[in-house]
Amino acid sequence: MNALQVSSVGFAYGARQALKDLTFELAPGRFGTLLGPNGAGKSTLIALLTRLYDLQQGDIRIFGHSLRDEPRQALRQLGVVFQQSTLDLDLSVQQNLAYHAALHGMPRREAQARIDEELLRQDLAERRHDKVRTLNGGHRRRVEIARALLHQPRLLLLDEASAGLDPASRLALGRHVRNLCREQGLCVLWTTHLLDEIEPSDDLLILHRGERVAWGKASQFGDDLAISFARLTGDEALGRGHVREALRPSGGRGFSREISNIEGIAAKAPPTQSTPPTDSAKEPQP
Ligand SMILES: Nc1ncnc2c1ncn2[C@@H]1O[C@H](COP(=O)(O)OP(=O)(O)OP(=O)(O)O)[C@@H](O)[C@H]1O
C-alpha cells in the first residue's frame, strides 16, 4: 500500500486551472521532493492534501484511506509543517508542544511521553525550556516538526519548510528530515522551489503550471532533469549546455549548487518562446 496516492487530481479557481490531472505516489519510508516555480500549483496541492480545499476531480489516498470517503482516517496519518510558522515565540518549546497536544485532546500523560520522545528525536531535548524566540530558524522548524509528529503520523508534509533559512541551515534541515525517513521509516513530501534541495535518492516530482512535467527517482533523471528544466523555462538549448552540468548529481551531496533555483535558470536563458513539455521530458519511474 502506498503512503500517498494522488490520482488524476484536478483543481480550478473559477476559470483558472491550478492543477491538471495530477497523478503520483509515494511508498512508505520514501522522501519525495515536489519542485515547482511560483504558481506551479504546490500550495494548491497542499491545500487539497490537508483538506483546506475540497477535492474537485480525482482522489487522494493516505495509507489507503480516501480523503474523499474516509477523511478522518486519512488525516490521522498526516503530519503537516506549514510554510508560515504558527509557534508562539514567547512560550517555551515544551509549552508550545503541550498546548498543541491539549488542543487536540491528547491526555496529559500520553502527551508528555510523546513530547519527550519527539524532543529527543529532533535533538531538542536540551532546548525544552527555552523560549522559541531564542531558537534559530532551523531549530524552530524542528519544533514544528516535533509538533507535527506528536500524533504519530506516518506521512509528513513540509511546505517550503526551508524558506527564510540560510543555506547551511536549509541543508542541515534537509539532512535531518531525510534521516527521519531513513532511520524511522517516515514518508515525507517536501515542497520547494530550490534545486539544491534535491538529493539523488529522492523521488522527484516537478510541477509546472499545474501539470506534472517530470516524475521519478532524482538520480535517474540525469540529462532528462536538465532538459525538463530547460523546457520549463522555454529554452531547449539550455538542456544541451551548462545547465546539464550544473544539475549532474555531485558525489552524493545533492545536485550542484551553481544554479540554486529555477528562476536562476530562467534568468540565464536567452529570451525564447515557451515550449510546452513533450512526452520525452516525462516519466522515468522510481
Ligand atoms: N485563491 C486563488 N484564487 C485564484 N487563483 C489562485 C488562487 N490561489 C492560487 N491561484 C492560482 O493558481 C495557480 C497555482 O498557484 P499555487 O499557489 O498553488 O502555486 P505554488 O506553486 O504554490 O506557487 P508559490 O510558490 O508562489 O506559492 C497560480 O496560477 C495561482 O495564480
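First listed ligand is number 1; within each ligand, the first listed atom is number 1. In this text, all values refer to a predicted model and were calculated from it rather than measured experimentally.
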Looking only at protein heavy atoms, which one is nearest to [atom], and how far off is it?
{"atom": "atom 19 (O) of ligand 1", "result": "Gly41 N, 3.0 Å"}
{"atom": "atom 26 (O) of ligand 1", "result": "Asn38 OD1, 3.3 Å"}
{"atom": "atom 8 (N) of ligand 1", "result": "Tyr13 CZ, 3.3 Å"}
{"atom": "atom 16 (P) of ligand 1", "result": "Thr44 OG1, 3.7 Å"}
{"atom": "atom 11 (C) of ligand 1", "result": "Arg16 CD, 3.4 Å"}

Okay, side chain of Ser219, backbone of Ser201: is any donor-acceptor separation there less than 3.5 Å? no

CD/Gln77 to NE2/His65 distance, rounded to the nearest 0.5 angstrom? 6.0 Å

For Phe63, is the NZ or CZ atom of Arg154 found under 6.0 angstrom from the centre of its six-membered ring and inside 45 degrees of the ring axis? yes

Using links of under 4.5 Å between side-chain heavy atoms of ILVMFWY residues, direct or through other members, which residues join Leu87 in one cluster? Leu89, Val93, Leu97, Met106, Ile115, Leu119, Leu124, Val132, Leu135, Val143, Leu150

Do Ala40 and ligand 1 have an N or O pair less than 3.5 Å apart? yes

Determine which pairs satisfy side-chain hydrogen bond (donor to acceptor under 3.5 Å, both in side chains) with at least one residue from residues 42-56, sequence neighbours left out, and list them in order. Tyr13-Thr44

Could you check if a side-chain atom of Leu173 sits within less than 4.5 angstrom of a side-chain atom of Ile145, using non-hydrogen atoms only? yes

Part of Lys42 within contact of ligand 1 (heavy atoms, under 4.0 Å): both

Of Ser43, Ala47, Gly39, the residue with the heavy atom nearest atom 13 (C) of ligand 1 is Gly39

